[in-house]
Amino acid sequence: MYQKDPSPKTYRHRDGCRELMEWLTLLGLWSDPLLKITGDRLKLKFLVHSVYITFKNIIPLNMESKNYDRIATEKRWKKFWEKEKIFQFSEKSKAPLYVVDTPPPYVSADHLHAGHIMSYAQAEFIVRYQRMRGFNVFYPMGFDDNGLPTERFVEKKYKIDKSKITKSEFIKICLQETEQGAQTYKKLWDDLGISVDWTKTYSTISPLATKVSQWSFLDLHKKGALYRNEAPVLWCPSCRTAIAQADLEDKKEDAKINSIYFSSHGTKLTIATTRPELLSACVALYVNPTDTRYKHLIGKNALVPLFDYEVPIRASEKVDSAFGTGLMMVCTWGDKEDLEKWQTDKLQTRAVLREDGRLNELGIAYRGLKIYEARKKIISDLQRKGYLIKQEDISHTLNVHERCGTPVEFILSKQWFIKIADLQKTWLAYGKKLHWYPETKRQDYELWVNSLQWDWCISRQRYYGVPFPVWYCEHCLEPILAHEKMLPVNPAEVKPPLSSCPKCGHKKFVPENDVMDTWATSSVTPFIIRELVRDKQIKKKLFPATLRPNAFEIIRTWDFYSIVKSHYHFQSVPFRDVMISGHGLDEHGRKISKRLGNYIPSEKLLEEYGADAIRYWATGAMLGQNLRFNIQEVKKGRKTTIKLWNVGRLILMNLGDFKFKEVSRHLECADIWILQEFNQTLTKVTHAFDAYAYAKAKDEIDQFFWSKFTDYYLEFIKYRLSGDDAISQQAARYTLTTVFLGIIKMYAPILPFITEELYQLIYKKNERAKSLHLSQWPSVIEIHTDQDVSDFTQAIAAIDEIRKYKSERAMPLGSELAKYKLTTKVDVDKYGEFIRNAARVKILR
RNA sequence: GGGUGAUUAGCUCAGUUGGUAGAGUGUCUCGUUUACACCGAGAAGGUCGUAGGUUCGAAUCCUACAUCACCCACCA
């Protein structure tokens, strides 16, 4: 392929090199195994098949490299931070508090990827920033390890049949698995440089979290926010547990809508249904009272096909005469409408579904069949007996359980509920009190609150979770609650605090076997985290938290339920700010998933590009928006760390006898310019970070560092650094070191490793803070001068012009021009000397 | 059906209160011997989803539509 290119070509030290090497090897031109491509230079020229190849940067393997050693650096500072307890919360500090209520991740994930990295790195940028702003940051980490996700994960991983294993054995495996999961996460956070205080951790199954969750239960009960009721609840037949509205997800499905007829006094009544398997649960037919076709039948009965029993025909204005046949079948219970009618009209109950999703004895001939099997058989029987009029294909959306994708059903059962449905105004008011970042996400919250229909069912018929602190009287089923001082308590192992039932006097009790919804525990994290501190005074101040960072899909669960609990317990918001992040997507914008395999495992990413580079990519997300994985951005992050490293080297090589505390009074135009630019950038970056806009902060720092500091300023002062004007040199050194310290401080929240390395190498001797991450956020630099350089852009334009002139004539930029006539308008008296020196021109006209 | 967000250079995305289109990356040309080839300079690239409207002037404000994503509802 190279032969085809007739023009001389320069191969740069990029991806093409390997290809070129292989090609040269094939031609027998590349045979010296001691040669390797690295960052240092050596010029070789080949003439092959009339292709010139200028191939540089080849050095023997044994030559020492001055390249940035990322791996060693990251390891070094990780160790240092841990050993010196840099991120440990101080109970003694008088600084104002900044409390982060971090989402405890589900540890039931064995495939960590860029998405996980992104969601946690983003909160981290803020934490490091606030720490440098002088806040006493409280940054604990929790792990959400109980509940359905974990159970399903364990079931799948070990292919467990829960009917063949005891509850305690199962829980034991869950505990083991979650411990392992926590370790996996901890390692990733450590490698990423997440500045969590690892002395402050909790797990949602721990005695502490159990205690707080159970206390919450007792307190809610005391405050009348809790009740136990037998009612049709949302039920997942696959997980065999009650679930909450928030656990639902939409799923599109192709289905058949079946027209079948009921007969009533000789009339054939055609109804359409997608769920014929619920025929034996039919309790009524409904028509619109104004519908002339059926008016005369209201109050009469209709005969259910196949099952031969009669149901009443009733009227309801909610029935749309124009929809379908204008007849609606109500079952117990196929959907929400059924539930409503059943409740308001006190209809009979014919619950045909069992907890395992099979039909019970009401299904008669279909008893024991699964929903889909029953549907198939009933359709074929209806057809055979002539009840089926027609079948049409439709595509509809149904509610499935988000954890397993199974369509949900309604099943009659006794559950604990927290009152939320009638308090929409209260929840909306809390939503208004919180600061949402971005502001638009408040709407997501409000939309959810407005769509609330049922109270929050918090009991789950599962094994692995926080137990209810409750027993029941065996005789009258009166619930007996634990005393607060008994917590945490497992009612299966402990006796209730009463010896006899206060209602009926019986002395035998049974423990509650259900466990709490996983959100019932995670919604109390604002109360859990403060329990990690001993000092009572500080404990008080840790609530409400300052920041709640989380992704948008748990606004309706974690955020909402936390608000509910915080309201009932303390009439307070649980946190001040909510920072909503998006998801990490793959490079094509698809969700990252194990099934698609569209991701690079996090360990591999870290190994190949380093923590700083990946964090750099993660900073690119706009608040509340998804972020595509972009390897180019990661590479740019790596380039930025290397560039910083090289600037550091330049500084170290040019420090001479520079005294850091000396402020120069002899600043030159370029110095003043860069200092002013720095101050402007700093202001913008600070504002951006304050508003949680880390992406914008990064853009501003990048622009200053790359386009102003390295591309211009460093080039502007090279002649002064190596020149013999001591005063000018001193001013350059002062400006250089001062601005660079500001730069690494601004980059510190995003690129913690390289910045710490540079701080320790260059500045530590003269600074008080033992880590850059404990140092103060930079403040605006005072500029000691009377000079006005507001027109300095002229000088830059002039230099650009000269650079362009040289570039167009294929001249080296470093070559000196004897004379040059500027077309750019510039104050030559003011900037002439500077331009001649910086752009290497002898005479400027 | 209702809602929210997105639609800007080949790709990934910025664009603050309406004033002649921006960055990174990729492409092309050229340069480079002491901070850095994990570099530097330069060039090419867009009627800002479509159609209307407001305005002296619209990527930006309004209306409709299209496509995509997510949320909610419907599911007789």
Side-chain angles (χ1 to χ4, degrees), chain A residues 7 10-14 17 37-43 56-57 66-68 70 248-250 253 255 257 259 271-275 285-287 318-320 323-331 334-338 394-399 438 440-441 443-444 446-448 450-451 453 552-553 555-556 582-583 585 587 589-591 620 622 624-633 635-636 638-654 695-696 699 702-703 706-707 710-711 714-715 718 721-722 800 802-815:
Chain A
S7 61
T10 302
Y11 284 91
R12 297 185 170 84
H13 182 192
R14 295 246 171 101
C17 275
I37 304 166
T38 79
D40 282 326
R41 41 181 73 110
L42 192 98
K43 212 175 209 171
K56 308 158 199 172
N57 312 315
K66 289 174 208 147
N67 288 347
Y68 173 49
R70 167 176 58 74
L248 299 180
E249 203 176 64
D250 288 351
E253 199 195 52
I257 184 152
S259 294
I271 63 124
T273 178
T274 52
R275 307 213 47 192
L285 294 185
Y286 274 80
V287 297
K318 276 202 176 167
V319 178
D320 182 358
F323 193 99
T325 57
L327 268 164
M328 183 173 86
M329 166 174 96
V330 169
C331 308
D335 59 35
K336 212 182 63 212
E337 191 62 41
D338 288 355
I394 57 156
S395 170
H396 66 164
T397 318
L398 37 82
N399 283 324
T440 52
K441 291 292 166 188
Q443 293 173 0
D444 286 33
E446 291 180 348
L447 206 68
W448 173 248
N450 284 324
S451 72
Q453 296 169 17
F552 55 79
E553 84 275 14
I555 291 175
R556 68 178 188 179
H583 282 165
L585 304 176
E587 59 266 45
R590 294 174 306 178
K591 252 184 197 167
M622 300 294 281
Q625 291 199 11
N626 292 337
L627 180 67
R628 289 188 185 195
F629 182 72
N630 187 344
I631 200 73
Q632 296 302 343
E633 273 299 296
K635 285 182 181 167
K636 209 191 139 203
R638 188 171 61 179
K639 274 166 74 168
T640 304
T641 61
I642 291 163
K643 191 79 171 175
L644 283 163
W645 169 252
N646 284 314
V647 174
R649 278 180 63 205
L650 171 80
I651 290 175
L652 284 171
M653 290 162 102
N654 285 288
K696 197 175 161 93
D699 278 351
D702 271 354
Q703 213 189 341
W706 283 93
S707 318
T710 62
D711 287 355
L714 293 185
E715 298 305 323
K718 275 182 181 167
L721 289 175
S722 56
D800 280 343
I802 297 166
R803 282 177 174 177
K804 189 172 172 182
Y805 176 86
K806 289 182 180 173
S807 179
E808 279 166 355
R809 278 155 194 76
M811 293 169 69
L813 290 182
S815 64

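Throughout, a chain's letter reflects where its sequence line sits, starting with A, and its residues are numbered from 1.
- Contact annotation for Asn626(A): no contact, since no heavy-atom pair falls under 4.0 Å across all strands.
- Remark: P of rG40(B) and CG of Asp711(A) are 6 Å apart, rounded to the nearest angstrom.
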Heteroatom pairs (N/O) under 3.5 angstrom, protein to nucleotides 4-10 of chain B:
none

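- Within 4.0 Å (heavy atoms only), Lys806(A) reaches no atom of the nucleic acid at all.
- When distances run from any side-chain atom of Lys336(A) to the nucleotides rA35(B), rC39(B), rA73(B), the shortest one goes to rA73(B).
- Within the shown strands, rG53(B) is the pairing partner of rC61(B) under the Watson-Crick or G-U definition, both distances less than 3.5 Å.
- Counting non-hydrogen atoms under 4.0 angstrom, Val330(A) reaches nothing in the nucleic acid.
- Across all strands, Gln453(A) comes closer than 4.0 Å only to sugar-phosphate atoms, never to a base (heavy-atom distances).
- Rounded to whole angstrom, the span from the CD atom of Glu808(A) across to the C1' atom of rA41(B) amounts to 10 Å.
- Distance from the side chain of Ala810(A) is smallest for rG31(B) among the nucleotides rG42(B), rC75(B), rG31(B).
- Here the side chain of Leu813(A) is nearest to one of rG40(B), rC70(B), rA73(B), namely rG40(B).
- Taking atom CH2 on Trp706(A) and atom C1' on rC39(B), their separation rounds to 9 Å, with Å as the unit.
- If you check rC39(B) for Watson-Crick or wobble pairing at under 3.5 angstrom, you find it paired to rG31(B).
- Nucleic acid contact class of Lys804(A) (heavy atoms, under 4.0 Å, all strands): sugar-phosphate only.
- For rA66(B), the paired nucleotide is rU7(B), the pair qualifying as Watson-Crick or G-U wobble because both relevant distances are below 3.5 Å.
- Partners of Glu715(A) according to the side chain to side chain contact (heavy atoms under 4.5 Å, CB included) rule, which considers only residues two or more places apart in sequence or in another chain, are Lys718(A), Arg803(A).
- Taking 4.5 Å as the limit, every side-chain heavy atom of Tyr805(A) sits out of range of all side-chain heavy atoms of Asp800(A).
- Of the candidates rU25(B), rA35(B), rG15(B), rA35(B) carries the atom nearest the Arg649(A) side chain, counting heavy atoms from C-beta on.
- Scanning for salt bridge (charged side-chain N to carboxylate O under 4.0 Å, His left out) contacts around Lys318(A) gives Glu340(A), with sequence neighbours left out.
- Using a 90° window around 0 for the glycosidic torsion, rG45(B) falls inside it and is classed as syn.
- Residues passing the salt bridge (charged side-chain N to carboxylate O under 4.0 Å, His left out) test with Lys643(A): none are found, sequence neighbours excluded.
- Residues satisfying the ring-ring contact (aromatic ring centres under 6.0 Å, His included) criterion with Phe629(A), sequence neighbours excluded, are Trp617(A).
- Pairing of rA23(B), defined by two Watson-Crick or G-U wobble distances under 3.5 Å, is identified with rU12(B).
- Taking atom CG of residue Leu650(A) and atom P of nucleotide rG40(B), one finds them 14 Å apart after rounding to whole Å.
- No more than 12 heavy atoms of other residues, nucleotides or ligands lie within 6.0 Å of NZ in Lys696(A), so this atom counts as exposed by the packing criterion.
- Glu553(A) has its CD atom 12 Å from the P atom of rC70(B), to the nearest Å.
- Within the 4.0 angstrom heavy-atom criterion, base atoms lie near Leu398(A).
- As a whole-Å value, the separation of Glu633(A) CD from rG26(B) C1' is 13 Å.
- One finds no side-chain N or O of Lys718(A) lying less than 4.0 angstrom from the OP1 or OP2 phosphate oxygen of rC36(B).
- One can place CG of Asp702(A) at 9 Å from C1' of rG24(B), the figure rounded to the nearest angstrom.
- Contact annotation for Leu714(A): base contact, defined as any heavy-atom pair under 4.0 Å involving a base atom.
- In this structure, Lys696(A) does not reach the rG15(B) phosphate: none of its side-chain N or O atoms is under 4.0 Å from OP1 or OP2.
- A salt bridge is defined here as a Lys NZ or Arg NE, NH1 or NH2 lying under 4.0 Å from an Asp or Glu carboxylate O, and Arg275(A) with Asp335(A) fails to meet this definition.
- Of the nucleotides present, none pairs with rG46(B) by Watson-Crick or G-U wobble criteria with both distances under 3.5 Å.
- Applying the side chain to side chain contact (heavy atoms under 4.5 Å, CB included) rule to Glu249(A) yields the partners Val400(A), Glu402(A); only residues at least two apart in sequence or on another chain are considered.
- The distance between atom CG of Asn630(A) and atom P of rG24(B), rounded to the nearest whole Å, is 15 Å.
- Regarding contacts with the backbone of rC75(B), every side-chain N or O of Arg275(A) stays at 4.0 angstrom or more from both OP1 and OP2.
- Two residues are said to be in side-chain contact when any heavy atoms from C-beta on lie closer than 4.5 Å; Lys804(A) and Glu808(A) meet this criterion.
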